[in-house]
J.: 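After the structure tokens below, expect a handful of questions from me.
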Number of protein chains: 2
Amino acid sequence: MTFSEENYLKTIYHLTTHLNTEISTNAIAEKMETKASSVTDMLKKLAEKDLVNYKKYQGVSLTENGQLAAKMIVRKHRLWEVFLVEKLDFSWDEVHDVAEQLEHIKSEKLINKLDTFLGNPTEDPHGDPIPDANGNIIKVEKQLLSEIGIAKKTICVGVRDTSTEFLQYLDKQKIALGSSIEILSKEEFDASLHLKVNNQELVVSSKIAGNLYVQLI
Amino acid sequence: MTFSEENYLKTIYHLTTHLNTEISTNAIAEKMETKASSVTDMLKKLAEKDLVNYKKYQGVSLTENGQLAAKMIVRKHRLWEVFLVEKLDFSWDEVHDVAEQLEHIKSEKLINKLDTFLGNPTEDPHGDPIPDANGNIIKVEKQLLSEIGIAKKTICVGVRDTSTEFLQYLDKQKIALGSSIEILSKEEFDASLHLKVNNQELVVSSKIAGNLYVQLI
DNA sequence: AATAATTTTTAGTTTTGTCTAAATTTTAAT
DNA sequence: ATTAAAATTTAGACAAAACTAAAAATTATT
């Protein structure tokens with residue numbers, strides 16, 4: 001499997017878990033910053049290899065094979081992220097590009113030994129689940145902060161947007177995985193939230209709230 | 001820089017340190033298991049980028065730029081080998097292929113943090129020197145066992161051949177880096193050596209002796 | 001020094017993954 | 001139900017890196 005094929009599978013996998021429908025050619029092209037015609041070419045190749053179900057003009061979905069392959073790439077990506085943060089002292093906003101390269105290293109032995117070395121983590125530094133060697137994922141109950149009612153006490157357990165900009169904003173506001181977040185009130189006009197984060201009061205926009213995953217406690 | 005360009009630079013670097021002349025197209029082709037015509041194509045490209053000195057039919061050598069680039073690839077390869085053996089419990093005959101992939105990961109921050117994490121090692125698991133971030137190499141005095149006189153006491157400090165077969169042979173004979181090796185006698189007929197390795201007597205062929213680096217003590 | 005053998009380069013082709021531009025299909029709007 | 005708009009696919013081209021076969025240069029041999 002080539003790097004390019006792996007990147008397509010991964011993208012289709014991510015789009016599938018966010019949305020829950022057949023994935024369109026354009027959606028893939030946009031996410032990968034490439035052209036729709038390139039996507040079509042690749043979908044044909046992946047279909048040929050029984051990694052995707054593809055019918056002209058009808059969108060695409062992963063086959064069993066494709067899903068497993070995608071999960072193994074995601075597994076590698078997230079384990080490497082844990083390694084970078086836990087062992088090499090990277091911060092959570094620095095790991096993405098490097099993990100993007102490391103996820104393509106081909107060695108089952110390597111990734112399983114890395115998994116052991118890291119203590120078989122179940123989540124990456126952004127709170128996303130790490131598939132095990134069989135592709136099984138432990139789903140943790142979580143909701144977007146924007147979908148929670150007032151006066152609820154929560155714990156921050158993940159981020160939806162993993163861009164450097166967003167993660168550095170969170171650092172600045174001292175919001176990290178594990179931070180306690182209580183919703184004090186909601187502004188009707190713009191859906192901004194008045195929060196208490198680790199006993200400090202803070203106002204965040206709905207855009208922020210729509211990118212933070214929390215767990216009710 | 002592409003993977004392929006990096007592989008050519010690395011090969012030229014290795015050939016240059018073993019031999020000490022201009023490197024021929026055929027030597028590169030043989031080492032890389034490719035065709036001479038492919039090598040010519042790549043040499044033109046590398047010359048274009050000022051990474052090699054190349055004159056048609058005259059062989060090739062690395063420029064300053066090319067030498068530094070090659071050393072950085074070797075640095076990555078060897079640091080990853082240390083990581084695999086020291087942290088992930090690989091044996092020294094299992095690391096080559098994986099390191100061959102990892103050496104192409106592009107991130108200065110990654111490799112320098114890895115270096116720190118490993119305690120700034122100066123040698124890889126086969127006894128080869130690891131260039132530092134500036135390309136400096138600490139040269140350790142060492143000779144092939146085949147070039148040492150009788151009755152000399154030595155320490156094994158490296159291997160010339162890093163193939164799985166050779167390394168597993170050494171494992172079987174309980175020869176490792178740090179093993180004490182004394183030459184008891186040499187058979188004139190085939191240049192085989194009668195050794196005492198860690199107080200165990202052992203006979204090895206000249207082929208073995210020609211692939212073991214030792215240090216006189 | 002002339003010729004044979006070897007090495008190296010050139011020319012032209014292939015594969016992978018991308019692109020542009022045109023054609024086709026689907027979806028939306030009147 | 002047509003037509004307009006949007007999405008998707010096809011056709012053809014290109015760059016990278018490899019190959020084969022033929023040509024050219026170098027080296028070795030007589």
Side-chain angles (χ1 to χ4, degrees), chain A residues 1-13 15-16 18-62 66 69-70 73 100-101 103-106, chain B residues 1-13 15-16 18-62 66 69-70 73 100-101 103-106:
Chain A
M1 184 128 54
T2 67
F3 280 26
S4 190
E5 288 171 349
E6 291 190 342
N7 285 332
Y8 275 93
L9 284 182
K10 192 183 54 162
T11 300
I12 296 167
Y13 177 80
L15 288 171
T16 304
H18 274 248
L19 312 161
N20 216 16
T21 61
E22 295 284 289
I23 303 304
S24 75
T25 301
N26 262 6
I28 297 168
E30 192 178 351
K31 190 98 181 244
M32 298 187 71
E33 297 183 339
T34 183
K35 295 298 151 82
S37 55
S38 307
V39 175
T40 300
D41 287 345
M42 182 57 84
L43 293 183
K44 284 183 194 166
K45 188 185 309 182
L46 294 174
E48 197 67 40
K49 296 188 174 191
D50 191 34
L51 293 165
V52 299
N53 303 116
Y54 169 63
K55 286 232 176 90
K56 277 190 192 181
Y57 298 102
Q58 303 301 132
V60 72
S61 61
L62 295 172
I73 299 161
E100 202 90 323
Q101 296 180 65
E103 74 191 3
H104 298 295
I105 303 293
K106 279 155 194 70
Chain B
M1 184 129 54
T2 66
F3 280 27
S4 191
E5 289 171 348
E6 291 190 340
N7 285 333
Y8 275 94
L9 285 182
K10 192 183 54 162
T11 299
I12 297 167
Y13 176 80
L15 288 171
T16 304
H18 274 250
L19 314 161
N20 216 18
T21 61
E22 295 284 288
I23 303 304
S24 75
T25 301
N26 262 6
I28 297 168
E30 192 178 351
K31 190 100 181 244
M32 298 188 71
E33 297 182 336
T34 183
K35 296 297 153 81
S37 55
S38 306
V39 175
T40 301
D41 286 346
M42 182 57 83
L43 293 183
K44 285 185 195 166
K45 188 185 310 183
L46 294 174
E48 196 68 40
K49 296 187 174 192
D50 190 35
L51 293 165
V52 300
N53 303 117
Y54 169 64
K55 284 231 176 92
K56 277 190 192 181
Y57 297 101
Q58 303 300 132
V60 72
S61 62
L62 294 172
I73 299 160
E100 202 90 324
Q101 296 179 64
E103 74 191 4
H104 298 295
I105 302 292
K106 280 153 193 74

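Within every chain, numbering begins at 1; the chains are lettered A, B, ... in the order of the sequence lines, protein sequences first and strands thereafter. Bear in mind the structure is a predicted one, so any value in this text is a computation, not a measurement.
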J.: So which nucleotide from dA18(D), dT26(C), dT18(C) ends up closest to the side chain of Ser4(A)?
T.: dT18(C)
J.: Over all strands shown, is Thr40(B) touching base, sugar-phosphate only, or nothing at heavy-atom distances under 4.0 angstrom?
T.: base
J.: What is the distance, rounded to the nearest whole Å, between atom CD of Glu48(B) and atom C1' of dA16(D)?
T.: 15 Å
J.: When you measure from the side chain of Tyr8(A), which nucleotide among dT8(D), dT9(C), dT18(C) comes out closest?
T.: dT18(C)
J.: Just call it for Thr25(B): base, sugar-phosphate, or nothing, with non-hydrogen atoms closer than 4.0 Å on any strand.
T.: sugar-phosphate
J.: Between Ile28(B) (CD1) and dA18(D) (P), how many Å, whole number?
T.: 12 Å
J.: Figure out the NZ/C1' separation between Lys55(A) and dT26(C), and round it to whole Å.
T.: 16 Å
J.: Between dT8(D) atom C1' and Glu22(A) atom CD, what is the distance in whole Å?
T.: 15 Å
J.: Report yes or no: does Lys106(B) contribute a side-chain atom to a donor-acceptor pair with the main-chain N or O of His104(B) at less than 3.5 Å?
T.: yes
J.: Do NZ/NE/NH1/NH2 and the carboxylate oxygens of Glu22(B) and Lys55(B) come within less than 4.0 Å?
T.: no
J.: Would you say the base of dT20(C) and the side-chain of Ser37(A) have a donor-acceptor pair closer than 3.5 Å?
T.: yes
J.: Round to the nearest Å and state the distance from Glu30(A) atom CD to dA6(D) atom C1'.
T.: 14 Å
J.: Measure the distance from CE on Met32(A) to C1' on dT18(C) and round it to the nearest whole Å.
T.: 12 Å
J.: According to a strict under-4.0 Å criterion, is Asn26(B) in side-chain N/O contact with OP1 or OP2 of dT6(C)?
T.: no
J.: Above 12 or not: heavy atoms from other molecules or residues under 6.0 Å from CD of Glu30(B)?
T.: no
J.: I want to check one thing: is the phosphate of dT10(C), taken as OP1 and OP2, less than 4.0 Å away from some side-chain N or O of Lys44(B)?
T.: yes
J.: Would you say that Ile23(A) contacts Thr11(A) through its side chain, given a criterion of any heavy-atom pair below 4.5 Å between the two side chains?
T.: no
J.: When you check the phosphate oxygens OP1 and OP2 of dT7(C), does a side-chain N or O of Lys56(B) lie under 4.0 Å from one of them?
T.: no
J.: Once you round it to whole Å, what is the distance between P of dA7(D) and OH of Tyr57(A)?
T.: 14 Å
J.: Side chain of Asp41(A) only, please: which of dA18(D), dC19(C), dA7(D) is the nearest?
T.: dC19(C)
J.: The side chain of Lys35(B) is closest to which nucleotide in this list: dA18(D), dT10(D), dT20(D)?
T.: dT20(D)
J.: For DNA chain C, whose closest nucleotide is more 5', that of Gln58(A) or that of Met42(A)?
T.: Met42(A)
J.: Roughly how far apart are Asn7(B) CG and Ile28(B) CD1, rounded to 0.5 Å?
T.: 12.5 Å
J.: Take the protein atom CD1 of Ile23(A) and the nucleotide atom C1' of dT8(D), then report the distance between them rounded to whole Å.
T.: 16 Å
J.: Within the 4.5 Å heavy-atom criterion, are Glu100(B) and Lys10(B) side-chain neighbours or not?
T.: yes
J.: So, is Tyr54(B) close to the dT8(C) phosphate, meaning a side-chain N or O under 4.0 Å from OP1 or OP2?
T.: no
J.: Base, sugar-phosphate, or nothing: which does Phe3(A) touch, judged by heavy atoms less than 4.0 Å apart?
T.: nothing
